Each structure stands twice: as C-alpha cells, then as structure tokens.
Asker: 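Supplied in structure tokens, the structure appears directly below.
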Amino acid sequence: MKEINVSGQKRTDLGKKASKALRKEGLVPCNLYGHDHHEGKRESLPFAVSMKEIRKIVFTPHIYVINLQLDGENHTAILKEIQFHPVKDTVLHVDFYEVNDKKPITIGIPVKLVGLAQGVRDGGRMNLSVRKIDVTAPYQQIPEHLDIDVTGLRLGKSIKVGELSFEGLELATSKDVIVCSVKMTRAAMSATTTDDTAAADAAAADAASAADAAKPAK
C-alpha cells in the first residue's frame, strides 16, 4: 500500500459540544483504536486533524498506510470508519486503527479488472458487482489493488470470490460473492440470433443438397 503522512493534535475535551466546536475551527474529531495506553490496556486515543489533511486520505480511490504524527508521537494506522454528514458532503468523524508488524489486519482492497473479456468482444457488457474485496494479511503485504484477469470470461459467465487466489493474502469476503460478470446486451442477442439463423439456414441447405444427391437419376 501507499504511505502518507497526516499530522494532528491530541484532544482532551470530549463529547458532542467539544466535537462541534472543533468542526467550527475546520478540524475533524478522530479516534485511534488499538493504541497501547496505561498498563498495556488497549484504549482509544482521541485527536483532531484539519479537514485539509483528512481530504488527502478520504476523498481518493487509494488506500493508505497512514503515518500519524500526533504531538510528536508517531503511529502507523489505517482508516477504520468514516462518518459523513447525512446531507452535506462533509466528514464528521474518523476512526483509525493502529497496525504493527506482527498482527494481520483485514481491509477492503480495490478490484482492478485486467484484459478484454471474450464476452465483451462478442457484444456483451462487463458488470463489476463489487469494487473492493476484504483481505487479511500483515499490512506490509497488502497491495494497492487486486488484479483479476477477465480475458477468458464469456457471455453470461461470472467470476466469484471463491475462484480467486492471491499469494500471501487470505480472502475475507464470502466465496459466493460475484465480483464481475458479462451481461447479454441487445446487440449480442441480435448477433447470436443472426448467427443461429445463419447456422440453421446452412444446415437446411446442406440437408437439401444431400437429399438431392440421394435422388435416383431420371
């Protein structure tokens, strides 16, 4: 995965009123989970980040390993959950999850279809059903995207998660989930009908020729 630096500041004032005040200042309330705090207990670390910094990691198709710099402390994290305003396209709250070299993480990775499917060549339309597949692995082994070869995919056929495998990754999405498929279109149906008609006409012509050849000569 790509890496990106994000700077923030710890916060001690918590609650709805404090969060609302932060947003008025152009800051986004955040929490870092999985943080080793007092006496080895796993607690959340509240902090705030400017909206400008948040935009770098939220409004993008990429996934990142985030180097959080909080008041001189460095933390390695990934995005866990984002809360948006129900009407406006603004970020209200972001949760991060701290990662390390030892514990695998589960995260959704974007799907990238590779090649031109045979079914598309035949007039069909490619349909991408899921844009991300959940994988489990140490964060250093997680790629930016999952390449799926669709070259041999024919009309009416699909690829399910259970048919895929990637070295070093455990797929956490259900095996029955359809990733992509080639749908029949009117053009493909018309071409198929034309081909079937032509084949039927050719077969009929061959049969007639065979029948004529079998007739006794007068």
Side-chain angles (χ1 to χ4, degrees), residues 1-4 31-35 42 44 56-67 75-84 89 91 93-196 199:
M1 290 192 291
K2 295 177 180 291
E3 292 191 13
I4 192 169
N31 280 327
L32 175 63
Y33 289 92
H35 176 67
R42 309 290 283 182
S44 64
K56 297 190 300 184
I57 56 175
V58 172
F59 299 104
T60 173
H62 304 294
I63 57 171
Y64 292 103
V65 172
I66 303 160
N67 298 316
H75 301 269
T76 304
I78 58 172
L79 277 178
K80 182 180 180 183
E81 188 175 351
I82 307 167
Q83 181 183 351
F84 290 95
D89 189 23
V91 179
H93 187 92
V94 179
D95 287 336
F96 294 81
Y97 185 79
E98 190 161 20
V99 298
N100 56 52
D101 298 342
K102 300 176 181 179
K103 187 176 179 179
I105 62 171
T106 299
I107 188 173
I109 305 299
V111 168
K112 181 180 180 182
L113 304 183
V114 179
L116 180 62
Q118 181 61 50
V120 174
R121 290 194 185 99
D122 294 335
R125 176 175 55 84
M126 178 62 72
N127 180 56
L128 182 62
S129 301
V130 294
R131 297 190 176 277
K132 290 184 178 182
I133 294 177
D134 291 339
V135 305
T136 302
Y139 80 88
Q140 307 96 320
Q141 297 180 22
I142 293 178
E144 295 178 31
H145 48 76
L146 299 175
D147 291 340
I148 300 176
D149 185 4
V150 297
T151 307
L153 194 60
R154 297 184 176 277
L155 274 171
K157 300 298 182 180
S158 62
I159 296 176
K160 294 183 178 181
V161 172
E163 302 171 46
L164 303 173
S165 64
F166 302 92
E167 185 177 358
L169 303 179
E170 177 185 344
L171 301 186
T173 297
S174 173
K175 294 181 179 181
D176 294 329
V177 171
I178 294 176
V179 179
C180 62
S181 58
V182 178
K183 301 292 186 180
M184 185 75 75
T185 62
R186 290 183 179 179
M189 290 177 66
S190 177
T192 300
T193 302
T194 301
D195 290 343
D196 290 344

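Just so you know, these numbers come straight off a predicted model, no measurement behind them. Note: hydrogens, waters and symmetry copies are ignored here, and every other heavy atom, side chains too, is used.
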Asker: Go through the steps for D149 and D147 under the test side chain to side chain contact (heavy atoms under 4.5 Å, CB included), then give the verdict.
Answerer: CA-CA 7 Å; D149 185 4; D147 291 340; over 6 Å; no
Asker: With the side chain counted from C-beta on, respond yes when H93 and N31 share a heavy-atom pair under 4.5 Å apart, and no when they do not.
Answerer: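 Yes, close enough: below the 4.5 Å cut-off.
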Asker: How far does CD1 of I159 sit from CG of L164, to the nearest 0.5 angstrom?
Answerer: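 Those atoms lie 6.5 Å apart.
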Asker: Within the structure provided, determine whether L146 and V135 are in side-chain contact (heavy-atom separation under 4.5 Å).
Answerer: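 Yes. Closest side-chain heavy atoms under 4.5 Å.
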Asker: So I57 and F96, do their side chains get closer than 4.5 Å, heavy atoms only?
Answerer: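 Of all side-chain heavy-atom pairs linking I57 with F96, at least one is under 4.5 Å.
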Asker: Check step by step if side chain to side chain contact (heavy atoms under 4.5 Å, CB included) holds for V91 and F84.
Answerer: CA-CA 5 Å; V91 179; F84 290 95; 3.8 Å; yes
Asker: Is any side-chain heavy atom of D101 closer than 4.5 Å to one of Q140?
Answerer: yes
Asker: Decide if atom CZ of R121 counts as having more than 12 heavy atoms of other residues, nucleotides or ligands within a radius under 6.0 Å.
Answerer: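 It does: R121 CZ has more than 12 such atoms within range.
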Asker: Kindly indicate whether the side chain of T76, heavy atoms from C-beta on, has any atom under 4.5 Å from the side chain of E3.
Answerer: no
Asker: Residues in salt bridge (charged side-chain N to carboxylate O under 4.0 Å, His left out) with K2, at least two apart?
Answerer: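 Result, salt bridge (charged side-chain N to carboxylate O under 4.0 Å, His left out) vs K2: E144.
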Asker: Side chain of T136, backbone of T106: donor and acceptor closer than 3.5 Å?
Answerer: no
Asker: Could you walk me through whether Y97 and I107 pass the side chain to side chain contact (heavy atoms under 4.5 Å, CB included) test, one step at a time?
Answerer: CA-CA 11 Å; Y97 185 79; I107 188 173; over 6 Å; no
Asker: Start with the C-alpha gap between I63 and K132, add the side-chain angles, then the distance that decides, and say whether side chain to side chain contact (heavy atoms under 4.5 Å, CB included) holds.
Answerer: CA-CA 11 Å; I63 57 171; K132 290 184 178 182; 4.3 Å; yes
Asker: side-chain hydrogen bond (donor to acceptor under 3.5 Å, both in side chains): which pairs involve residues 155-165, sequence neighbours left out?
Answerer: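 Counting only pairs at least two positions apart or across chains, no side-chain hydrogen bond (donor to acceptor under 3.5 Å, both in side chains) contact touches residues 155-165.
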